[in-house]
Peer 1: 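Sending over a structure as C-alpha cells; questions will come in a sec.
Reckoned from all heavy atoms, side chains included, excluding hydrogens, waters and symmetry mates. Along the sequence shown, the residues carry numbers beginning at 1.
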Amino acid sequence: MQITVDLNLCESHGSCVFAAPEVFSFDDDDYLLYEPSPDDGLRDAVEKAAASCPVRAITVAAAPRRASAA
C-alpha cells in the first residue's frame with residue numbers, strides 16, 4: 001500500500017496518530033511524520049486513520065506493481 005499525506009492540508013489534529021501509531025507520528029515541532037509504504041498488515045488501521053482525518057489529507061492507494069524481471 002502507498003500512503004500520501006497532503007501536508008498543505010494537514011492541520012495536525014492527530015487523529016491519524018491515534019488510529020495508526022505504527023505509521024503516523026509527530027516530531028518535536030508537531031510536524032507529521034509517516035511511513036509512506038507500510039506493511040499491508042496495517043491496512044485496516046491506515047484506512048481508519050485516513051477516514052478519521054477531518055481535513056481528508058490522507059490518501060491510501062495500492063502499492064505500485066514492480067516490473068518483473070525478464
Peer 1: Would you list the atom pairs, donor with acceptor, under 3.5 Å between side chains in residues 36-46 and any protein atom, with sequence neighbours excluded?
Peer 2:
unit_1: S37; atom_1: OG; unit_2: Q2; atom_2: OE1; d: 3.1
unit_1: D39; atom_1: OD2; unit_2: G41; atom_2: N; d: 2.7
unit_1: D40; atom_1: OD1; unit_2: M1; atom_2: N; d: 3.0
unit_1: R43; atom_1: NH1; unit_2: E47; atom_2: OE2; d: 3.3

Peer 1: Run the side-chain contact (heavy atoms from CB on, under 4.5 Å) test against D30 and tell me which residues pass, sequence neighbours left out.
Peer 2: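 With sequence neighbours excluded, D30 shows a side-chain contact (heavy atoms from CB on, under 4.5 Å) to F26, given in chain and number order.
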Peer 1: Hey, quick one: are L33 and V17 part of the same hydrophobic cluster, counting side-chain heavy atoms closer than 4.5 Å, chains of contacts allowed?
Peer 2: yes
Peer 1: What heavy-atom pair brings A50 and V60 nearest, and what distance separates the two atoms?
Peer 2: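 Distance-wise, the nearest heavy atoms are CB-CG2, 4.0 Å.
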Peer 1: Just verifying a value: how many Å separate T59 OG1 and D6 CG, rounded to the nearest 0.5 Å?
Peer 2: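 Here the rounded value is 8.0 Å.
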Peer 1: Within this structure, what is the CD1-CD1 distance for the pair I58 and I3, rounded to the nearest 0.5 Å?
Peer 2: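 I58 CD1 to I3 CD1: 7.5 Å, rounded to 0.5 Å.
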Peer 1: When you measure from the side chain of D29 to the backbone of Y31, do you find a donor-acceptor pair of N or O atoms at a distance under 3.5 Å?
Peer 2: no
Peer 1: Mind checking who shares a hydrophobic cluster with F18, ILVMFWY linked at side-chain heavy-atom distances under 4.5 Å?
Peer 2: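 None; F18 is a cluster of one.
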Peer 1: Got a sec, which residues hit side-chain hydrogen bond (donor to acceptor under 3.5 Å, both in side chains) with S52, two or more places apart in sequence or on another chain?
Peer 2: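 For S52, the residues satisfying side-chain hydrogen bond (donor to acceptor under 3.5 Å, both in side chains) (neighbours in sequence not counted) are S15.
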Peer 1: Shortest non-hydrogen contact from R56 to L9?
Peer 2: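 Distance-wise, the nearest heavy atoms are O-CD1, 4.2 Å.
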Peer 1: Just jot down the side-chain hydrogen bond (donor to acceptor under 3.5 Å, both in side chains) partners of E35, sequence neighbours excluded, or say none.
Peer 2: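 E35: no side-chain hydrogen bond (donor to acceptor under 3.5 Å, both in side chains) contacts found.
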Peer 1: What residues, two or more places apart in sequence or in another chain, satisfy side-chain hydrogen bond (donor to acceptor under 3.5 Å, both in side chains) together with E22?
Peer 2: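 E22: no side-chain hydrogen bond (donor to acceptor under 3.5 Å, both in side chains) contacts found.
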Peer 1: side-chain contact (heavy atoms from CB on, under 4.5 Å), that's the test. Do L32 and C16 meet it? Break it down for me.
Peer 2: CA-CA 10 Å; L32 183 68; C16 59; 3.9 Å; yes
